[in-house]
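The next block holds one structure in the form of structure tokens; read it before the comments.
Any value given below was found using the heavy atoms of this structure, including those in side chains, with hydrogens, waters and symmetry copies removed. Here is the naming used below: chain letters follow the sequence lines, and residue numbers restart at 1 for every chain.
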Protein chains: 2
Amino acid sequence: MIEEAKDTETKILDAAKEVFQHKGLTGARMQEIADKAGINKALLHYYYRTKDKLFEKVFELAFSVFIPKIRDIVLSTDKSVFEKIEFFVDNYISLLHKHPYIPGFVINELNRNPQILVGVFEKNIQFKEMNLFEKFEIQLKDEANKGIIRPIDARNLMTNVVGLCIFPIVARPIIQGIMFNNEKKEYDEFLSQRKKFVTEFIINAIKVN
Amino acid sequence: MIEEAKDTETKILDAAKEVFQHKGLTGARMQEIADKAGINKALLHYYYRTKDKLFEKVFELAFSVFIPKIRDIVLSTDKSVFEKIEFFVDNYISLLHKHPYIPGFVINELNRNPQILVGVFEKNIQFKEMNLFEKFEIQLKDEANKGIIRPIDARNLMTNVVGLCIFPIVARPIIQGIMFNNEKKEYDEFLSQRKKFVTEFIINAIKVN
DNA sequence: AGTAAATTTGACCAAATGGTTAAACCAAAT
DNA sequence: ATTTGGTTTAACCATTTGGTCAAATTTACT
């Protein structure tokens, strides 16, 4: 049998995702991953030789869920800036809703060891090849010249858009605790109206009146 | 001698801050903290009995650096909304510049175990007693009625303001890696112009033209 | 059925890790 | 000088943890 161990391999990967994304590389225990996958611990090392190799896989997958999304959206040339922003915020917050633990996981592991990115970049050149900012920058200048939006720096804008989407997810425990009396339900409502709020907020910030 | 072991105690706490804030509770090693403090490992346990107790101390300190700042600024009643925002962004980003690792640390540890907040709240009632949002909300409504700003939800606004300040610090490795070709210097420049950019961005977003 | 290869497991190991203890040290009070 | 109390250390301990290995089991092929 050469490639049909898929079942076990996926069970392991799923378990690893859950444990690593909740507890981080250093907090995760191989035993817990094995238990959650319903297998022997030695089998983990049979498929992914070391903890680091398994982690690397999980990290790359988590990373690749989020970053390409940004590229795809920014690159869709047929949309106006406003449309792109609305489209992006909608899609990105939906995505975040489905994978709420990934952003914190990625951010945290990168702070612990920024070197991980090097490996990811090497395996996935598309990330580096992102001259998409040039294109987006041109579009921003263009619409600014036409008097649709104020002149604005592309990187600052991108940072704001992504940040406004991610921050309430990543900082959920703090915000929910301090501003919402730790009421999970209220915070869920808060999050569900954010798509609209964030979109309007950003568009108001950059549009010319 | 009852209270003049200050020297050793502070050396330990400083070392603990550094290690915990960089590696998190699970990644930190008592031995490393001891080494960094230039003392024996047993001495760590003499002053702070367990790793958890030491961590708790570090976490509370980190937390208290950031949250009260928000309160102080929002509560200063003599300022207009615009002034408050400018004042806050200025001060908060300066603060973040001095302690770039704290936000990621706090966010990460709270995701790992949201229960920590309960302990912090109990010891520091001021955080809970934050009805400052009511006051700020009133001010927002007031200025909206006067036609200075658009009607806007206080919690959404607060989230955005804080998020726009914190996100570029917390997500530095990603943003710097993807948008700035990993050039530290360029990213530092980027950060240093953010105060102005963020302030204008927010004010444009909420002001009535 | 028989065999070879891949898969799975229980038992085990060495290193790391948080924590303890008894003794040494040291400054101040008697 | 001696005692007393807090401080510091070296050595040690129990447990956890990532990882290994040889044997057992299953699967695929002849």
| query | Between atom CG in A:Asn40 and atom P in D:dT26, what is the gap in whole Å? | reply | 15 Å
| query | CG of A:Asp7 versus P of D:dT27: gap in Å, rounded? | reply | 12 Å
| request: Please state how far atom NZ in A:Lys53 lies from atom C1' in D:dG18, giving the value in whole angstrom units. | output: 14 Å
| query | Taking atom P of C:dT8 as reference, at what distance in whole Å does atom CG of A:Leu43 sit? | reply | 5 Å
| field | Between P of D:dA22 and OH of A:Tyr46, the distance in whole Å | value | 16 Å
| task | May I have the distance from A:Leu44 (atom CG) to D:dT17 (atom C1'), rounded to whole angstrom? | result | 13 Å
| Out of C:dT8, D:dT8, D:dA10, whichever nucleotide has its closest atom nearest the side chain of A:Thr8 | C:dT8
| query | Is NZ or CZ of A:Lys79 both nearer than 6.0 Å to the six-membered ring centre of A:Phe87 and within 45° of the ring axis? | reply | yes
| task | Just say parallel, tilted or perpendicular for the rings of A:His22 and A:Tyr101, cut-offs at 30° and 60°. | result | tilted
| message | In terms of relative ring orientation, are B:Phe201 and A:Phe201 parallel, tilted or perpendicular, with 30° and 60° separating the classes? | response | tilted
| ring-ring contact (aromatic ring centres under 6.0 Å, His included) partners of B:Tyr187, counting only residues at least two apart | B:Phe180, B:Phe190
| task | Taking atom types as modelled, find out whether A:Gln193 and B:Asn156 have a side-chain donor-acceptor pair closer than 3.5 angstrom. | result | yes
| task | Taking all non-hydrogen atoms of both residues into account, name the closest pair between A:Lys195 and A:Val89 and its distance. | result | O-CG1, 3.8 Å
| Closest listed nucleotide, where the reference is the side chain of B:Tyr47 and the choices are C:dT9, C:dT20, D:dT7 | D:dT7
| field | Residue matched to C:dT30 through Watson-Crick or wobble contacts both under 3.5 angstrom | value | D:dA1
Atom pairs under 3.5 Å: protein N/O with N/O of nucleotides 15-19 of chain C:
| unit_1 | atom_1 | unit_2 | atom_2 | d |
| --- | --- | --- | --- | --- |
| C:dT17 | OP1 | B:Arg29 | NE | 2.6 |
| C:dG18 | OP1 | B:Ala28 | O | 3.4 |
| C:dG18 | OP1 | B:Arg29 | NH1 | 3.2 |
| C:dG18 | OP1 | B:Lys51 | NZ | 3.1 |
| C:dG18 | OP2 | B:Met30 | N | 3.2 |
| C:dG18 | N7 | B:Lys41 | NZ | 3.0 |
| C:dG19 | OP2 | B:His45 | NE2 | 3.3 |
| C:dG19 | OP2 | B:Lys51 | N | 2.7 |
| C:dG19 | N7 | B:Lys41 | NZ | 3.0 |
| C:dG19 | O6 | B:Lys41 | NZ | 2.6 |

